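Order of listing sets the numbers, starting from 1, for every ligand and every atom in it. Keep in mind that what you see is a predicted model, and the values were worked out from it rather than measured.
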Amino acid sequence: MFEALHVACGVLVYGIPEFRLPKAIVAKEIETLKALGVEIRTNYVVGKTISVDELMNEEGFEAVFIGSGAGLPRFMGIEGENLKGVYSANEFLTRINLMKAYRDDSKTPIFHAKKVAVCGGGNVAMDAARSALRLGAEEVYIVYRRGESELPARAEEVEHAKEEGVIFKLLTNPTKILKGENGFVGGMECVEMTLGEPDASGRRRPVVKEGSEFVLDVDCVIMAIGTSPNPLIKSTTAGLDTEKWGGIIADENGLTSRANVYAGGDAVTGAATVILAMGAGKTAAAAIDEQLSK
Ligand SMILES: Cc1cc2nc3c(=O)[nH]c(=O)nc-3n(C[C@H](O)[C@H](O)[C@H](O)COP(=O)(O)OP(=O)(O)OC[C@H]3O[C@@H](n4cnc5c(N)ncnc54)[C@H](O)[C@@H]3O)c2cc1C
């Protein structure tokens, strides 16, 4: 297993917070894998440290499974996203979960904000908001452009966030992040929204309410509006077909357009669930076993 980071296990270690998935459980799973004979090589960025072709042609691997996830964060493209105190949810959660930025002696510290806006309404947004509260923020807002019934997060996650004091600014859309002192965030300009007719996604389309501009008083903004697969492996593996949005194209066994190269999990489906990713890994493993046993 070739892992880009210094710890294996993907979102389970760097994304999902300790209060939802204790890292000791994940560590036990890794130990089980190692006991089965899996060798884990960390700090290996496939596509940079070594390519898929080098793995197969020079290192002697007969098959490759790509499970590189969908860790490339999206931003809104609004003014002020480069200010200090603006994070992608991925960066924010990775700094906390993997790099232990909450510790005073952390080498990769995090800005301890007082008022935090999390843009987005999915499970990742809920995790970022609840983590911000645990870091000591006094006010944490979920800023989401549709209403409560359209929130993509599971109802349970929303309920827990509310119980812990996260404030929901629904039907609200950020338009600009304002510059405060020393290049830090000094607030976030927003507009109120109403819901119009259903759009292509089947959900009612948010429409800006005329004259509803207001400034949300925050010193940190976390973007949790989705992620997509990182293009590195695709761009360094000739003949590996991908969808327009970056997902690797694979058949029901995980086989890609390249012989003996398989893929599964978020890298194929886009951001989905742990159980689907694990299922894809097992399906591909069986297919690889069959293929190599021929
Ligand atoms: C904050 C958050 C909360 C979530 N909560 C839940 C939840 O409660 N329940 C649920 O079912 N799902 C949840 N998910 C989704 C779930 O975590 C993912 O669907 C799942 O982890 C996908 O697994 P994967 O193996 O495909 O990718 P990942 O878990 O993303 O793992 C990919 C791994 O590949 C590595 N990698 C990437 N590129 C390279 C490269 N070029 N070379 C080498 N290594 C590389 C990455 O560092 C990473 O370790 C959550 C996601 C996030 C972000």
Side-chain angles (χ1 to χ4, degrees), residues 1-23 25-26 29-30 33 40-55 61 64-74 87-99 118 120-132 152-158 160-161 222-237 240 242 246-248 250 254 261-285:
M1 190 189 290
F2 296 88
E3 164 58 48
L5 297 174
H6 60 283
V7 181
C9 241
V11 172
L12 305 194
V13 287
Y14 74 71
I16 305 180
E18 177 78 23
F19 56 84
R20 285 214 299 114
L21 177 59
K23 299 299 159 267
I25 294 176
V26 185
E29 294 293 336
I30 295 181
L33 275 183
I40 301 176
R41 296 206 194 150
T42 52
N43 298 313
Y44 249 92
V45 182
V46 175
K48 275 222 185 289
T49 322
I50 197 160
S51 68
V52 168
D53 287 306
E54 283 166 346
L55 282 171
F61 289 97
V64 168
F65 174 79
I66 304 169
S68 48
L72 189 70
R74 266 182 230 138
Y87 298 89
S88 68
N90 259 31
E91 180 188 347
F92 186 73
L93 291 168
T94 302
R95 277 178 184 257
I96 299 171
N97 294 320
L98 190 64
M99 309 308 291
V118 180
N123 293 320
V124 176
M126 302 305 143
D127 279 348
R130 294 171 70 194
S131 298
R154 282 182 298 168
E156 194 187 342
E157 302 298 334
V158 175
H160 290 159
I222 300 168
M223 291 294 174
I225 55 167
T227 55
S228 50
N230 189 302
L232 180 62
I233 293 182
K234 144 80 186 162
S235 66
T236 53
T237 312
L240 184 70
T242 55
I248 299 172
V261 176
Y262 294 74
D266 285 6
V268 168
T269 56
T273 63
V274 175
I275 199 136
L276 282 175
M278 290 175 74
K282 288 185 176 180
T283 302

Can you spot which of Ile233, Leu232, Thr236 makes a side chain to side chain contact (heavy atoms under 4.5 Å, CB included) with Lys48?
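In the set Ile233, Leu232, Thr236, the residue that makes a side chain to side chain contact (heavy atoms under 4.5 Å, CB included) with Lys48 is Leu232.
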
For ligand 1, is [X] a contact, meaning one of its heavy atoms is under 4.0 Å away?
X      : value
Arg20  : yes
Gly71  : no
Ile16  : yes
Arg154 : yes
Ala271 : no
Ile233 : yes

Side chains of [X] and [Y] in contact at under 4.5 Å (non-hydrogen atoms):
X      : Y      : value
Ile248 : Ile66  : yes
Thr273 : Ile275 : yes
Met126 : Val158 : yes
Val261 : Val52  : yes
Arg20  : Arg130 : yes

Ligand 1 atoms in contact with [X] (distance to a heavy atom under 4.0 Å):
X      : value
Leu93  : 1 (C)
Val274 : 10 (C), 11 (O), 12 (N), 16 (C), 17 (O), 19 (O)
Phe2   : 43 (C), 44 (N)
Leu5   : 47 (O)
Tyr44  : 42 (N), 43 (C)
Gly265 : 26 (O)
Val124 : 1 (C), 2 (C), 52 (C), 53 (C)
Glu3   : 33 (C), 34 (O), 35 (C), 43 (C), 44 (N), 46 (C), 47 (O), 48 (C), 49 (O)

Taking N or O atoms only and a 3.5 Å limit, does [X] qualify as a polar contact for ligand 1?
X      : answer
Asn90  : no
Gly264 : no
Ala4   : yes

How far is [atom] from the closest protein heavy atom, and which atom is that?
atom                    : result
atom 25 (O) of ligand 1 : Gly67 O, 4.0 Å
atom 27 (O) of ligand 1 : Gly69 CA, 3.3 Å
atom 24 (P) of ligand 1 : Ala277 CB, 4.0 Å
atom 18 (C) of ligand 1 : Asp266 OD2, 3.3 Å
atom 42 (N) of ligand 1 : Val46 N, 2.8 Å
atom 51 (C) of ligand 1 : Val11 CG1, 3.4 Å

If we ignore hydrogens and angles and just use 3.5 Å, is the side chain of [X] paired with the main-chain N or O of [Y] as donor and acceptor?
X      : Y     : result
Thr227 : Ala70 : yes
Thr49  : Val46 : no
Asn90  : Gly71 : yes
Asn97  : Tyr14 : yes
Ser88  : Glu91 : yes

Point-to-point distance, once rounded to the nearest 0.5 Å, from CG of Leu12 to CE of Met278:
8.0 Å

Side chain to side chain contact (heavy atoms under 4.5 Å, CB included) assessment of Glu29 paired with Cys9
CA-CA 9 Å; Glu29 294 293 336; Cys9 241; 5.5 Å; no

Start with the C-alpha distance between Val118 and Met223, add both sets of side-chain angles, then the distance that settles side chain to side chain contact (heavy atoms under 4.5 Å, CB included), and finish with yes or no.
CA-CA 6 Å; Val118 180; Met223 291 294 174; over 6 Å; no

Hey, do the aromatic rings of Phe2 and Phe65 have their centres closer than 6.0 Å?
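Ring centroids of Phe2 and Phe65 are no less than 6.0 Å from each other.
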
For Pro231, check side-chain contact (heavy atoms from CB on, under 4.5 Å) against everything at least two apart and list the hits.
Leu72

[X] contact mode with ligand 1 (heavy-atom cut-off under 4.0 Å):
X      : answer
Leu276 : neither
Asp127 : side chain
Ser68  : both

If you take the nearest heavy atom of each of Pro73, Gly15, Ala267, Ala272, which one is closest to atom 14 (N) of ligand 1?
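Selected option, by shortest heavy-atom distance: Ala272.
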
Closest by any non-hydrogen atom to atom 31 (O) of ligand 1: pick that one out of Ala70, Gly10, Cys9, Gly47.
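The option holding the nearest heavy atom is Gly10.
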
